[in-house]
Every structure is written in structure tokens, then in C-alpha cells.
Amino acid sequence: MLRQLAATSLLVTVLGSLAAAAAPAAVQGTDAAAWPAADPADVSTIDALLESLYDVISGDAGEARDWDRFRSLFHPELGRLTPLRPDPAKGAWEVMSMTPDDYVTRAERWTQRQAFHEREIAREVERFGGIAHVWSTYEGFDAKDAATPFVRGINTIQLMQDGARWWILSIGWDVEREDQPLPPRYLPPATMILTGGKVVAVDAVNTVAEAIAFDGERILALGNEDEILALKNASTRVIDLDGRLAVPGFIEGHGHFLGVGDSAMQLDLRTAKTWDDIVALVAAAAKGLPPGTLIRGRGWHQEKWTTAPAGAVEGLPRHDSLSAVSPEHPVILTHASGHATFANALAMRLAGITKDSADPEGGEIVRDAEGAPTGAMRETASGLLRPATMRSRPRDPREMARFAVEECLKKGVTSFQDAGGKFEEAELLTRMAEDGTLDVRVWMMLREPVDELAERLPKVKVRGAGADRFTVGGIKRSIDGALGSHGAWLLEPYADLATSAGLNTVPVDDVVACARLALEHDVQLCVHAIGDRANRETLDIYERTFAAHPDRTDLRWRVEHAQHLHPDDIPRFARLGVIPAMQGVHCTSDAPWVLRRLGAERAESGAYMWRELLDSGAVVTNGTDAPVEDVDPIQSYFSTVTRRLADGTVFYPEQRMTRMEALRSYTISNAYAAKEEALKGSLEPGKLADMVVLSQDILTCTDDEILATKIDMTIVGGEVLHERR
């Protein structure tokens, strides 16, 4: 739809100091009758000016123009010109104090086109010895009612000579729709051009171009090679894509930013095939560290081990073998889901955990037959180990952030939605954004107690700090746990643990209180919900809140994960405008035990229902929940379009996304889920120049080839920050 423009007017002043000195009262809006008439002898000067202006304007809108038509646009009585007056119904002229070059920098394309004309017209008037005051008014209309895709524009020029005589000229031209690109001649030179490839914009019309140009941190234009190379000057950096695919920078839709950096500084347990493998890794680490140093690791998952540990309790190991290789080092190993932790004897001793320790609300200390702690802590029980970590040397959070940035850039992630930060982390990332050391854009949900949020949220809530590098945009709550640890809150008991229907980890009243805070502070509410009961409870809270506040629209509240849904709740997401913030890679990682936990019927009707959610009209997003999974978007993209497991089987293939849907879920849909779609998520003029160059075309290659795709280049804000060598 075209921008609606009525009685829009601007003042463009050339040789401003002279104009200010000589302009009569008419400029301030006095009646036209008070304006001096032009000397007929000067009509030839005006005619010469018209010929010059014809060269500026002719052919602009791509339609044939001729001199007679052009001259007829001007007032016919050149001997006594009067100003073109706007329709009184459209309001009086509005005077703005911008210069022509100011307009060129604005994002609206119609303004850039207009600025080009006004600048050129003003220069021509100056060349003929005058000073130009240029007003513009546009008659806007809805595109669906238009016979042609243009808006008629009228310019009024006041030509002043010798500070006495005034001529009023009326000029008309056609202005293209705002959704049409500007021809290169209206644009400034590009700072960087990438050409010779396939540039997929992921915009509303699925634009595919050969080349793209940047102007600093913003996208300047897309088009064919000749069009874009016309924007090159001596200082433009030109990169040959050599046929490769360029897409918008990947946006991690749900992860833990400092956790990614932290995981790079600890043992990686994701590839361990047995408990004995983990014990061996800890033993090797202990040999190289002074006694008392905390050994941490992350990524173990008992369901991925090839054999069960000796003496396992509920499928989990006992700490004995781990404690034997690390008697002088506290050891804390986090489950891949982040919803369970394993500790050795020294860590439990430092934390005061014994046979007599009570389970905290929302958590469980796993015990053997005699009631002794095995070392495994589920959900909130992991917090009991905090005293053990407090006695170790603290890690530098800036260093963690630096590791996270490096990992993201290597994987093509230009923006990261942090699913649960602390106040101190928000303050740190704000400082890093402002001092120019945060090279990845971070959008954060805060996870803090309700009373502290009420007090401190106004002080830490920032939007676009450091040239759009950091934003606090949401509040995070976790209403249940993870499926793998039997912590997901279900409507019916687990198929493989009939005594449990999971855990409600945060009281419903707490989530309701957070909903009130989110409305009060205009941030999004983001609730972790994995089980079908957790999702229903969350949707119920959202629906009651929305009904009580019908004036608050476009809230875009989110359900983080939305992994297992009751069929009745699937259409509620689109109906309520709630975003299911999902992770494709979780599907293929979790599938081997989803069937065991839920049974075939519930798994088929409610597990990772991407297709049904999309078809119902919901905006489905994508991510990895890093460091739960590798932050690599390619792996999650592969899982989303294939749902293929490591053993080659496919988990309910009817729920797969198409290649383009999956790409949208990782780019523009994630931007939409953070209310940032006007800023990023697609390659369109005016948006941030965040882009990734891939080694091959993931939209057309075979399924088997997707995982071999490399991130050849990661560009953030028009700057190449990672390049594969």
C-alpha cells in the first residue's frame, strides 16, 4: 500500500543565509496577492531555466516525456506568475528546516527521490542567479484503487532575483511507490558491494538478486550486477561472490548468550558415548589444574549413551567413579538440557548436600535405595550446588561474551535472542555495545524475581544501545522443565514414568505477575513451556490478559519451545497472536526418547508441530537453545527441513518445513518475534547490513549436502567480521 500523503510540504533552502536575509513575508504564509509580479522581460530567463529543469526531471518515472507536456505543467501566464495554492481542505503549508542533503539520508524511498529532484532543481535555480524555496505536496492514494503505481507530486518553486522580484513556478512529476527500489542514480556511492552471486532477500516478494550494495551499516540497494556496480567509486570495497548464496544474517531465536561463551571455557560433553568417557575427561582435566579448582562441563545426556552406567538410578549414574578421579577438585557437570546437574563428592560436600538434605520446591535430589545423593540434581535442585561454585575463582564475564561472539560469527549468527539474562549481564552488554566491543546484536529477556524486576527493569531496559547492538525486550519465566529429565509438565503422566506428570517449576501466579509487569513496561513476556500442560496454562494466562486489555494489541508474547502441544491448543497460537519460539534441532536430538516419554499417539499428534502451526497462521521461529545444542544454524536448518535422525529415520515427516520456510524461521520470523522486523531479518534497502555468505545453496542442494555447508563470510553492520580461510 502506498504511503498516504496529503498536504505534505517541505522547505528546501539553497544559499540559506542569503535566503533568510531576502525572503519576504510571503514565505511565512501571507496572501499571494502581496507577492511582487515578475518583469515580462525576464520571461526568457525563466524559459531557459525550464529547459534546464527539463533535463533534470524528464524520463524520471520511466515514461516518455516531451518538452510541450513539461512546459504545460507550469503556470501559463509567465508574465505574471502566481503561487500554486494547496487545497484548503488539505491544510496549510508546513515549513520544515531540513536541507536537501538531509533528506537523502532518510530511509523513506519516496523522500530520497524527492530530495534528488529538489537538490538538482535548487542547483539549477542557483546557476541562473536565483535562490530557490521548494515546496512539495503529494496527492496520496491507495494502490488497490490506482490505475497506475505512481503518486502525482506537485512542486512549487519560488525564484528570487536581486532580493526583489519573485517568480512562482509549478512543476509536476510522478513518484514511484514506496515499495519500489530507487534507480542507482538517486543513491550515494556504496561502501561495499557484493556481486556475482545469488542474493536471497527473504522479503515479502521473495526477491532474488545478483548483487547487493551497502552504505555503511545499512543496505543501499539490490539488483543486477550492472545496476549495483554503478554505485561503485574509488573507495568502494567489491567482493566477488563467485556464484555463492548470500542470505540475511542468521538470528538465533532462543539461546543463552553468555552460556555459549561459558561452554567454550569448560569441558564439552556432548560427544561422550558413555559415562566412562566423561569420567576420563574429568580425570585428564584434574591432572592439569591446581587442587581446589572447579572443573565444569556441559552437554551430557544419559539417553545418548550407548550403555547404561553401572549401578544407575533412574538411568542416571552414581558419583563414585567420578569422585574417585577428582578427590581434590569440585566437579559440576550440566545436563545438555540445562535442567539437571551432576556433582562429585567434593562439590556436594562444599554445598552441604547430604542424605538429610530436603528437596527444594520445583526440584529433586536423585537418591539411591538407601537415600544417599547419587550426585544428580534435577531442575531447581541444581541451585543447591551454588556454594561450590562460589568458592572457585570467578570467571571474567567479558571474556565469556568475547568467546560467545567468536562462536556466533563463525556459525553465521549476526543476532542472538538471549532467553533469560540477569541484570548484571544486561548492564555488561550495554557497556560493551556502547564501547563498540559487542560485535553480535543481542536481544535479551530478563529472568529475575518479580519484585526485583519491578524495581530495576526501568533502569536496565534499553533499546538499540550502541548502534542497535543491544536491547532488553522481554521478561522470561520457565513454567516447567525438560522432557528428557521428566520435568516437562504434562496433562497426563509419562508413558515411561506413570507416577509423574512432570514439574510446574514456577507458580502460575508468578507468571501472572510477570504479565502485569510486561504490560506496564512495554516488553514481551516469554514463557518457557515444553509439556502440553505447561503450554495450555501459558496460553490461558495470555488469553485472560489479552481479554482484560483489548486496547493492547500486537504484544507478540512468546512461548519458548512449545515442543509438545495438545491438538486443541495448536490453533490458539495464531488466534491469540502468540509466537511459538521453537528449535528445529531439538526435534531430531530429542526424538529417540520422545516416543518413550509420551507414547506414539501423543508424539504424533503433538510433538514439534511446525507444519500445523504454520498452516494455522502462526509465526514459527527457530534456534538452537545454545549451549544446549551447538549454536550452528545449519544443523538446526537441516533438522527443520528433514526431521531426520542420526540413524537415518525420519520423525513424523509431515511436520517438516519447506526450505524457504525454514530460512524465514531463522531470519525475518525471528526478527518479527522481537519486534525488530523493520530493522533486520531481510535484505532490503534501509535495513541493517547483516548478511551471511554460504559455501553452497541450501535452498536447492540435496538434503545430504546441507550439513556440508560452510559459513564463508559473516557481515554485521556492513563489516566483514568472519571470513573462512
Side-chain angles (χ1 to χ4, degrees), residues 1-5 8 103-113 140 143 176-182 187 199-207 209 212-222 246-253 413-418 433 440-445 461-474 521-524 526 552-558 577-579 581 617-623 663-692 715-718:
M1 182 181 294
L2 286 172
R3 184 186 307 277
Q4 297 298 304
L5 301 174
T8 300
Y103 285 109
V104 178
T105 66
R106 295 179 59 179
E108 294 92 338
R109 291 195 277 276
W110 68 269
T111 307
Q112 291 181 359
R113 173 182 292 280
E176 284 188 88
R177 292 183 307 186
E178 64 175 276
D179 59 352
Q180 296 296 317
L182 280 170
L187 302 174
V199 181
V200 176
V202 197
D203 57 3
V205 295
N206 295 321
T207 298
I212 185 169
F214 301 151
D215 179 15
E217 290 199 345
R218 298 281 177 161
I219 297 169
L220 185 60
L222 292 82
V247 298
F250 291 118
I251 300 173
E252 169 57 58
V413 174
T414 58
S415 290
F416 195 107
Q417 294 174 7
D418 191 331
V440 170
R441 306 185 197 279
V442 179
W443 181 92
M444 178 179 282
M445 317 166 198
K461 190 180 77 171
V462 297
R463 294 192 183 277
D468 297 305
R469 295 302 169 109
F470 182 66
T471 290
V472 173
H521 295 286
D522 192 26
V523 294
Q524 293 167 255
C526 313
R552 301 296 297 274
T553 59
D554 197 32
L555 293 173
R556 302 190 206 178
W557 286 7
R558 303 164 44 137
V578 173
I579 295 163
V619 176
V620 180
T621 68
N622 215 329
L663 182 57
R664 295 185 71 85
S665 75
Y666 242 113
T667 53
I668 190 63
S669 294
N670 271 336
Y672 175 87
K675 296 188 176 183
E676 294 183 329
E677 73 277 10
L679 192 65
K680 57 188 174 183
S682 59
L683 301 177
E684 299 180 74
K687 286 192 175 184
L688 292 168
D690 297 351
M691 195 177 78
V692 174
I715 299 171
V716 183

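- With sequence neighbours excluded, the residues forming a side-chain hydrogen bond (donor to acceptor under 3.5 Å, both in side chains) with Glu677 are Arg556, listed by chain and number.
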Donor-acceptor pairs are to be reported for all side-chain atoms of residues 213-220 against protein atoms at under 3.5 Å, with residues two or more places apart or in another chain.
residue, atom, partner, partner atom, Å
Arg218, NH1, Gly686, O, 2.9

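- Residues satisfying the side-chain hydrogen bond (donor to acceptor under 3.5 Å, both in side chains) criterion with Arg558, sequence neighbours excluded, are Gln417, Glu560.
- Qualifying salt bridge (charged side-chain N to carboxylate O under 4.0 Å, His left out) partners for Arg463, counting only residues two or more places apart in sequence or in other chains: none.
- Considering every non-hydrogen atom in both Leu683 and Met691, the closest pair reads CD1-SD, 3.9 Å.
- From Ser682, atom OG reaches atom CG of Asp203 across 6.0 Å, with rounding to the nearest 0.5 Å.
- Not one N or O on the side chain of Thr471 forms a donor-acceptor pair closer than 3.5 Å with the backbone of Trp443.
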Practice prompt. Check the pair Arg664 / Asn206 against side chain to side chain contact (heavy atoms under 4.5 Å, CB included), numbers first and verdict last.
Written response: CA-CA 10 Å; Arg664 295 185 71 85; Asn206 295 321; 4.1 Å; yes
Item to complete: Show your working on side chain to side chain contact (heavy atoms under 4.5 Å, CB included) between Thr207 and Glu684 and close with a plain yes or no.
Response: CA-CA 9 Å; Thr207 298; Glu684 299 180 74; over 6 Å; no
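- If you take CG on Asp468 and CG on Leu688, they are separated by 5.5 Å, rounding to the nearest 0.5 Å.
- Here the side chains of Asp522 and Arg552 are in contact, with some heavy-atom distance below 4.5 Å.
- Applying the salt bridge (charged side-chain N to carboxylate O under 4.0 Å, His left out) criterion to Asp690, with sequence neighbours excluded, gives Arg441.
- Of all heavy-atom pairs spanning Val462 and Ala465, the tightest one is CG2-CB, 4.3 Å.
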Discussion item. Run the side chain to side chain contact (heavy atoms under 4.5 Å, CB included) test on Ser669 and Val619 for me, step by step, so that the C-alpha distance in whole Å, both residues' side-chain angles and the decisive distance to 0.1 Å come before the verdict.
Written reply: CA-CA 6 Å; Ser669 294; Val619 176; 3.8 Å; yes
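- Take Lys675 and apply the side-chain hydrogen bond (donor to acceptor under 3.5 Å, both in side chains) test, not counting sequence neighbours, and it matches no residue.
- Heavy atoms only, all atoms of each residue included: Leu222 and Ala201 are closest at CD2-CB, 4.1 Å.
- Judged purely by atom type and a 3.5 angstrom limit, Asn670 has no side-chain atom pairing as donor or acceptor with the backbone of Glu252.
- Note that CZ of Phe416 is 12.5 Å distant from CD1 of Ile251, once rounded to the nearest 0.5 Å.
- Counting heavy atoms from C-beta outward, Val472 and Val523 have side chains that stay 4.5 Å or more apart.
- To the nearest 0.5 Å, the span separating OG1 on Thr667 from NZ on Lys680 amounts to 12.0 Å.
- Tyr672 is listed as a side-chain neighbour of Ile579, based on a closest heavy-atom distance under 4.5 Å.
- Between the CG atom in Asp418 and the CE atom in Met445 there is a gap of 7.5 Å [rounded to 0.5 Å].
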